[in-house]
Amino acid sequence: MVQEPVTSERASLIEYPCDFPIKVLGTNAEGFAEGVFEVVLRHAPDFDPATVQMRTSGKGNYLSLTCTFHAHSQAQVDALYRELTAHPLVKVVL
C-alpha cells in the first residue's frame, strides 16, 4: 500500500480561485453592515457591497448578510473568518 506524503497544509475540497459566499449574522444595529463590508473589503478588495443579500430576523433584532467574494486561497478565507468573528457586533459567521 502506497501512502501519500504528509504535508503541513490541510487538504481543501475547494478549488481556488472561486466565488465564495460567507454569511454573517449580527445585531441589527447602526454600523453593523458597514463594519462587515469594511472587513470583507480588507481581505477581498474586489468585493462589491451592492451584491450583498440582507435579511432581518422576525422581530428585527438581528441582521444576516450574505457576502459573496472572489476567494484566492484558504488562507484568505481563514483570515476573513477570524477578523469577522472578532467584530463586536457579529454573533455568528458561517
Side-chain angles (χ1 to χ4, degrees):
M1 178 165 84
V2 177
Q3 288 186 333
E4 292 191 28
V6 176
T7 62
S8 61
E9 290 204 23
R10 61 185 168 168
S12 176
L13 300 176
I14 300 170
E15 287 187 36
Y16 295 97
C18 66
D19 287 338
F20 193 94
I22 189 167
K23 185 173 276 197
V24 185
L25 299 123
T27 307
N28 190 4
E30 187 174 326
F32 169 67
E34 292 80 6
V36 169
F37 298 161
E38 288 175 13
V39 172
V40 176
L41 282 166
R42 268 197 291 279
H43 296 273
D46 57 348
F47 167 67
D48 181 4
T51 64
V52 171
Q53 296 174 334
M54 292 187 185
R55 185 171 181 189
T56 55
S57 65
K59 294 183 181 179
N61 296 327
Y62 297 96
L63 181 64
S64 126
L65 306 172
T66 302
C67 304
T68 301
F69 64 99
H70 196 68
H72 297 279
S73 69
Q74 185 66 48
Q76 176 193 23
V77 173
D78 290 346
L80 177 56
Y81 268 98
R82 277 192 299 277
E83 188 170 351
L84 284 171
T85 57
H87 193 283
L89 296 176
V90 172
K91 301 295 182 191
V92 177
V93 181
L94 304 170

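Each residue takes its place number in the sequence, starting with 1. Since the model is a prediction, treat every value here as computed from it, not as a measurement.
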Got a list of side-chain donor-acceptor pairs under 3.5 Å for residues 16-24, not counting sequence neighbours?
residue : atom : partner : partner atom : Å
Tyr16   : OH   : Gln74   : OE1          : 2.8
Asp19   : OD1  : His70   : ND1          : 3.0

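Val52 meets the side-chain contact (heavy atoms from CB on, under 4.5 Å) test with Phe37, Phe47, Met54, Leu65, Cys67; sequence neighbours excluded. Ser57 pairs by the side-chain contact (heavy atoms from CB on, under 4.5 Å) definition with Asn61, Tyr62, not counting sequence neighbours.
For the salt bridge (charged side-chain N to carboxylate O under 4.0 Å, His left out) condition, the pairs that include at least one residue of residues 82-94, sequence neighbours left out, are Arg42-Glu83. Judged as a salt bridge (charged side-chain N to carboxylate O under 4.0 Å, His left out), not a single pair has a partner in residues 28-40 (not counting sequence neighbours). Here salt bridge (charged side-chain N to carboxylate O under 4.0 Å, His left out) pairs that include residues 48-77, with residues two or more places apart or in two chains, number zero.
Cluster partners of Val92 are Leu25, Leu94, counting Ile, Leu, Val, Met, Phe, Trp and Tyr whose side-chain heavy atoms approach within less than 4.5 Å, directly or via other members.
Nearest heavy-atom pair, Gly35 versus His87, reported as atom, atom and distance to 0.1 Å: CA-NE2, 3.9 Å.
With values rounded to the nearest 0.5 angstrom, Leu41 atom CG is found 10.0 Å from Leu80 atom CG.
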